[in-house]
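Structure first, commentary second.
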Amino acid sequence: MNKEQLQRIQSGKGFIAALDQSGGSTPKALRNYGISEDRYSTDEEMFNLVHEMRTRIMKSPAFDSKYILGAILFENTMERKIDDRYTADYLWEKKGIVPFLKVDKGLDELKDGVQLMKPIPHLEDLLKRAKEHRIFGTKMRSVIKEANPVGIKKIVEQQFEIAKQIMAAGLVPIIEPEIDIYSPDKAKSEKIMKEEFFHHLAELDQDAKVMFKLSLPSEDNFFKDLLEDPRVVRIVALSGGYSRDEANEILARNKGIIASFSRALTEGLNVHQTDKEFNETLEKAVLAIYEASIQ
């Protein structure tokens with residue numbers, strides 16, 4: 001593990017940019033950027049276009065380590081280059097931004113009020129390649145729709161089981177059981193989920209390092225006690241369907257939690273913008289998310 005990167009993620013001021021839209025969510029990300037489906041006919045063409053979008057974001061002067069601690073990449077992005085450097089090397093060596101990798105392969109069908117992760121075939125190989133690309137940590141997402149104790153127990157078990165494999169490979173896992181912000185019993189789900197977190201954290205070695213990426217809580221500072229666990233490197237928040245302004249407002253009330261926004265970060269960016277317009281739009285988003293993250 002890179003100790004300099006660990007220190008930066010653990011105590012640095014700023015947030016983590018989520019640039020990890022995968023195969024299923026890439027068309028929507030491109031549409032939001034002003035590129036419709038008729039602009040590409042193959043996956044390769046689609047991924048070329050989204051890499052161009054991500055490259056434009058990462059090369060922007062607004063994408064600055066003064067405000068951004070880390071960035072989460074999609075596997076396809078990790079294997080591509082920016083200015084003749086692999087993306088993770090470009091981020092760390094040129095920008096001073098810590099690279100993470102999304103490792104999950106999407107969601108399973110809804111059962112017991114939750115959507116577990118689909119199996120992750122060849123995870124060992126992916127983690128090996130991540131280490132070769134000097135990736136610091138990983139991210140994996142599952143979803144909680146209802147306050148079903150059976151389902152939530154399963155979802156947290158699955159996250160920690162895979163997290164142990166990731167830690168064994170020398171990477172820091174971001175555990176992400178997202179709770180649907182529109183769930184009528186969201187607060188109850190949060191309580192069940194947090195209890196499960198503490199149960200599994202207690203089983204880890206004292207020097208284990210994990211992160212959490214969570215929906216913004218219904219009760220301000222609800223995760224304060226989780227932040228205090230020595231095995232928890234950082235807690236980051238997803239925007240989860242809130243507008244950027246809404247997400248920032250809630251985030252600012254939750255001390256110690258920083259943003260890891262995707263859609264809320266890229267809101268307003270468009271392929272047809274001049275570089276000046278693009279950079280100004282991104283800078284506005286970056287500064288607003290940064291301010292909410294350091295409150």
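One is the number of the first residue; the rest follow in order along the sequence.
With sequence neighbours left out, Y290 forms a ring pair (Phe, Tyr, Trp, His ring centres under 6.0 Å) with Y67. Residues meeting the side chain to side chain contact (heavy atoms under 4.5 Å, CB included) test with D125, sequence neighbours left out: H122, R129.
The shortest side-chain heavy-atom distance between T87 and M58 falls under the 4.5 Å cut-off. When side chains are defined from C-beta on, L269 counts as touching L282, because their heavy atoms get closer than 4.5 Å. Inter-residue side-chain proximity for L49 and T26 is flagged as unmet; no heavy-atom pair is nearer than 4.5 Å. Looking at I166 and L127, their side chains come closer than 4.5 Å, going by heavy atoms from C-beta outward. Two residues are said to be in side-chain contact when any heavy atoms from C-beta on lie closer than 4.5 Å; K186 and E190 meet this criterion. Considering only heavy atoms from C-beta on, D225 comes within 4.5 Å of K194 through its side chain. At a threshold of 4.5 Å between non-hydrogen side-chain atoms, the residues R8 and F136 do not count as touching. Within the 4.5 Å cutoff, the side chain of S262 has no heavy atoms near those of the L238 side chain.
Looking at every heavy atom in both residues, Q206 comes nearest to P230 through OE1-CG, 4.0 Å. Between I289 and A264, the closest heavy-atom pair is CD1-O, 4.2 Å. For the residue pair P217 and I250, the shortest heavy atom distance occurs at O-CG2, 4.4 Å. Residues H272 and G34 approach most closely at NE2-O, 3.9 Å, considering heavy atoms. For F100 against G70, the heavy-atom pair with the smallest separation is CE1-CA, 4.4 Å. Residues N279 and S60 approach most closely at OD1-OG, 2.7 Å, considering heavy atoms.
Taken together through direct or relayed side-chain contacts under 4.5 Å among Ile, Leu, Val, Met, Phe, Trp and Tyr, I179 and L227 form part of one hydrophobic cluster. One hydrophobic cluster holds both V50 and Y33 under the rule that ILVMFWY side chains link at heavy-atom gaps under 4.5 Å. In the hydrophobic clustering of this structure, L110 does not group with M193; members are Ile, Leu, Val, Met, Phe, Trp, Tyr whose side-chain heavy atoms approach within less than 4.5 Å, directly or through other members. V150 and I144 are assigned to two separate hydrophobic clusters, defined by single-linkage of ILVMFWY side chains at heavy-atom distances under 4.5 Å. One hydrophobic cluster, built from ILVMFWY side chains closer than 4.5 Å, cannot hold both L91 and Y86; they sit in different ones.
Salt-bridge formation is detected for the pair E44/R80: a Lys NZ or Arg NE/NH1/NH2 atom is positioned less than 4.0 Å from an Asp or Glu carboxylate oxygen. In this structure, K153 pairs ionically with E157, as a charged nitrogen and a carboxylate oxygen lie closer than 4.0 Å. Looking at E37 and R31, a side-chain N of the basic residue comes within less than 4.0 Å of a carboxylate O on the acidic one, giving a salt bridge. Between K81 and D89 there is no salt bridge, since no side-chain nitrogen of the basic residue lies less than 4.0 Å from a carboxylate oxygen of the acidic one. A salt bridge links E228 with K224: the closest approach of a Lys/Arg side-chain nitrogen to an acidic carboxylate oxygen falls below 4.0 angstrom. A salt bridge links R253 to E249: one of the charged nitrogens lies within less than 4.0 Å of a carboxylate oxygen. A salt bridge links R263 with E267: at least one charged nitrogen is closer than 4.0 Å to a carboxylate oxygen.
Side chain of Q115 to main chain of E109: no donor-acceptor pair is present (N/O by atom type, distance under 3.5 Å, no hydrogens or angles). Counting only distance, with no hydrogens or angles, the side chain of Q295 and the backbone of E291 share a donor-acceptor pair below 3.5 Å. Under a 3.5 Å cut-off, the side chain of S189 and the backbone N or O of A147 do form a donor-acceptor pair. In terms of modelled atom types and a separation under 3.5 Å, the side chain of S293 and the main chain of A259 share a donor-acceptor contact. In this structure, S65 contributes its side chain and K95 its backbone to a donor-acceptor pair below 3.5 Å. A distance-only check finds a donor-acceptor pair linking the side chain of N148 to the backbone of G151 [under 3.5 Å]. Under a 3.5 Å cut-off, the side chain of R231 and the backbone N or O of L201 do form a donor-acceptor pair. Proximity of a side-chain donor or acceptor of N221 to a complementary backbone N or O of K255 within less than 3.5 Å is detected. Within the 3.5 Å criterion, the main-chain N or O of R141 finds a donor-acceptor partner in the side chain of D104. Although no hydrogens or angles enter the test, the distance criterion places a donor-acceptor pair under 3.5 Å between the side chain of N2 and the main chain of E4.
Aromatic ring centres of F74 and F47: separated by under 6.0 Å.
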Stepwise side-chain contact (heavy atoms from CB on, under 4.5 Å) check, V98 with L69: CA-CA 6 Å; V98 179; L69 299 175; 5.9 Å; no
Start with the C-alpha gap between E178 and S215, add the side-chain angles, then the distance that decides, and say whether side-chain contact (heavy atoms from CB on, under 4.5 Å) holds. CA-CA 6 Å; E178 174 184 344; S215 302; 3.5 Å; yes
When you look at K276 and E280, which way does the salt bridge (charged side-chain N to carboxylate O under 4.0 Å, His left out) test go after all the steps? CA-CA 6 Å; K276 182 174 184 290; E280 285 175 352; 2.8 Å; yes
Could you walk me through whether L73 and D20 pass the side-chain contact (heavy atoms from CB on, under 4.5 Å) test, one step at a time? CA-CA 5 Å; L73 309 175; D20 59 331; 5.9 Å; no
Test F63 against L19 for side-chain contact (heavy atoms from CB on, under 4.5 Å), laying out the working first. CA-CA 12 Å; F63 203 78; L19 303 174; 3.9 Å; yes
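Each of K213, K139, K102 was checked for a side-chain hydrogen bond (donor to acceptor under 3.5 Å, both in side chains) with E176, and the lone residue meeting it is K139. Screening M211, K164, Q159, M167 for a side chain to side chain contact (heavy atoms under 4.5 Å, CB included) involving P173 leaves a single residue, M167. Screening I235, I294, I9, V236 against I258 for a side chain to side chain contact (heavy atoms under 4.5 Å, CB included) leaves a single residue, V236.
Inspection of the S11 and Q7 side chains reveals an N or O donor paired with an N or O acceptor under 3.5 Å. No side-chain donor from either of D245 and S243 sits under 3.5 Å from a side-chain acceptor of the other.
Between atom OG1 of residue T266 and atom CZ of residue R244 there is a gap of 8.5 Å, rounded to the nearest 0.5 Å. Atom CD1 of I135 is separated from atom CH2 of W92 by 12.5 Å, given to the nearest 0.5 angstrom. Going from atom CD of E45 over to atom CZ of R39 covers 10.5 Å, rounded to the nearest 0.5 Å. Taken from NZ in K59 to CD1 in I82, the straight-line distance is 8.0 Å, to the nearest 0.5 Å. In this structure, D64 CG and L287 CG are separated by 9.5 Å, a value rounded to the nearest 0.5 Å. Between atom CD of residue E219 and atom NZ of residue K191 there is a gap of 7.0 Å, rounded to the nearest 0.5 Å.
Ring orientation note: the planes of F197 and F212 are tilted relative to one another, at an angle of 30° to 60°.
Among residues at least two apart or in separate chains, there is no ring pair (Phe, Tyr, Trp, His ring centres under 6.0 Å) pair with a member in residues 224-249.
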